[in-house]
Protein chains: 2
Amino acid sequence: MLDAALASFGTAGFAGTSLDDLASGLGIRKQTILYHFVSKRGLLNAVVDSVAADLILALEQVLAGSQRDWERVEALVRSVFRVALEQPVLLGLLREVSRPNSPGAQRLRGHMDPLMARARLWIEAEMAAGRMRRTDAQLLLLSAYSTVVGVATEIEVLRAAGVGPTLRPVVQRRRELLRFLRASLDPTS
Amino acid sequence: MLDAALASFGTAGFAGTSLDDLASGLGIRKQTILYHFVSKRGLLNAVVDSVAADLILALEQVLAGSQRDWERVEALVRSVFRVALEQPVLLGLLREVSRPNSPGAQRLRGHMDPLMARARLWIEAEMAAGRMRRTDAQLLLLSAYSTVVGVATEIEVLRAAGVGPTLRPVVQRRRELLRFLRASLDPTS
DNA sequence: CCACCTGTCTACCATCTGGTAAGGGCCCTG
DNA sequence: CAGGGCCCTTACCAGATGGTAGACAGGTGG
């Protein structure tokens, strides 16, 4: 149910998703959905929670690793892109929910803010220690985030233009993001 | 009416926009809207047409200018970004409509395809003449397009994060795009 | 065997949605 | 002044939507 909702919210949007359609696509009645998630909004919240948990899990695994400094940044970026490639619909939801005034945007922020704050503190500590070049950490993080979300747009635009599902543009985006981060952060480059 | 519809479609999405709300926001009845645009879909089409006309006008003005080769590319990029900065809601609609299966996506393509084909032919001619480096012109164009659309996401994410409306990230994005294009196209770089 | 809980169902509802039908004011033209 | 197009209105509707209420089946523990 969460998977189906994720797919529908990510492609048709929250307002564009009807519980009836969603349920009939699953071969059940919508009341079953409402039984588990109370309301449509509750379903969205659960989906957002699930997506955030996926992302956080992937990031935590990297943070538990042994990479340091710039290597850690690179590993984090690669990890996020890996999740995105494995679950393209996830990006769709992220984009849908990245819109302010959108239901769920606030909830997503609730999940992401601690992560962002943590990342920001870490980066600033690295900068203070001279292992990273000084720059605006928050702006950097938000820019990276929007780049990842932007990949969703790119994939869809390419598909709409008839270009087959190729991962080359995605890899290219990742390379650009890494280059951007490197130029901003790496003191040795 | 077109302006209000553009804003609503761009922020709340097509499915998330109700004609009643739209009309009451304008101080009129929804039947007045339907009188002019026949249907909600017709309104969307008109908005898409209007947006496409704005973009095409801006691009045509550059094409009528005297820049050549790489300078022309740079002028085109700057022109598009200027329009985007002047009308941020325009990017919202572009993003909304850049989603496949979205009503209006096909219509937008109808406007953009000739432009894209023309740009592609021009780039390929330049490449054949040795004034541009050889690369996949279509992929390049679509990547540039999705970068521009991605700016919409970035602006909204920044605003949601409490970062005031600053144009620095947008300028940064433009610089990145130009650098990307330059690296792909400019034979002298 | 009974009471209870859980999960799904059918039945139903209030509201909102886009859209149709028709009327009235306004202005221009004959 | 009559007629007709233009623009906007009120009145209304059929269908879809999210949500509530309650029945039914199956499993579990006492």
_What is the separation between atom CZ on Phe9(A) and atom C1' on dG18(D), rounded to the nearest whole Å?_
12 Å
*Rounded to whole angstrom units, what separation is found between the CG atom of Leu43(B) and the C1' atom of dG19(C)?*
14 Å
*Identify the residue among Ser102(B), Pro103(B), Ser8(B) that makes a side chain to side chain contact (heavy atoms under 4.5 Å, CB included) with Phe14(B).*
Pro103(B)
*What is the distance from atom CG of Leu177(A) to atom OH of Tyr145(A), rounded to the nearest 0.5 Å?*
14.0 Å
*asked:* Given dT17(C), dT17(D), dG19(D), identify the nucleotide with an atom nearest to the side chain of Asp21(B).
replied: dT17(C)
*Using a heavy-atom cut-off of under 4.0 Å over every strand shown, decide if Leu34(B) touches base, sugar-phosphate, or nothing.*
base
*asked:* Does a side-chain N or O of His36(A) approach OP1 or OP2 of dT8(C) to a distance below 4.0 Å, or not?
replied: yes
*Can a side chain N or O of Ser18(B) be found less than 4.0 Å away from OP1 or OP2 on dT17(C)?*
yes
*State whether Arg131(B) and Glu126(B) are salt-bridged, where the test is any N-O pair (Lys NZ or Arg NE/NH1/NH2 against Asp/Glu carboxylate O) under 4.0 Å.*
yes
*Kindly say if Tyr35(A) contacts the phosphate of dG7(C), meaning a side-chain N or O under 4.0 Å from OP1 or OP2.*
yes
*For Asp136(B), does the CG atom sit with more than 12 other heavy atoms under 6.0 Å from it, leaving out its own atoms?*
yes
*asked:* Rounded to whole Å, please give me the gap between CE in Met1(A) and P in dT8(C).
replied: 8 Å
*Quick one: which of dG18(D), dC9(C), dG19(C) gets closest to the side chain of Thr32(A)?*
dC9(C)
_If I take atom CD1 in residue Ile33(B) and atom C1' in nucleotide dT17(C), what distance separates them, rounded to the nearest angstrom?_
13 Å
*Mind calculating the distance between CZ (Phe37(B)) and P (dG19(C)) to the nearest angstrom?*
13 Å
*Look at the side chain of Lys30(B) against the base of dG18(C) and say whether a donor-acceptor pair falls under 3.5 Å; ignore hydrogens and angles.*
yes
*asked:* Output the rounded distance in Å from CG (Leu22(A)) to P (dA16(D)).
replied: 17 Å
_I need the CZ-P distance between Arg29(A) and dA11(C), as an integer number of Å._
12 Å
_Leu57(B) CG to Gln61(B) CD distance, which is reported to the nearest 0.5 Å_ = 4.5 Å
*Starting at CG of Asp20(A) and ending at C1' of dC13(C), how long is that distance when rounded to a whole Å?*
14 Å
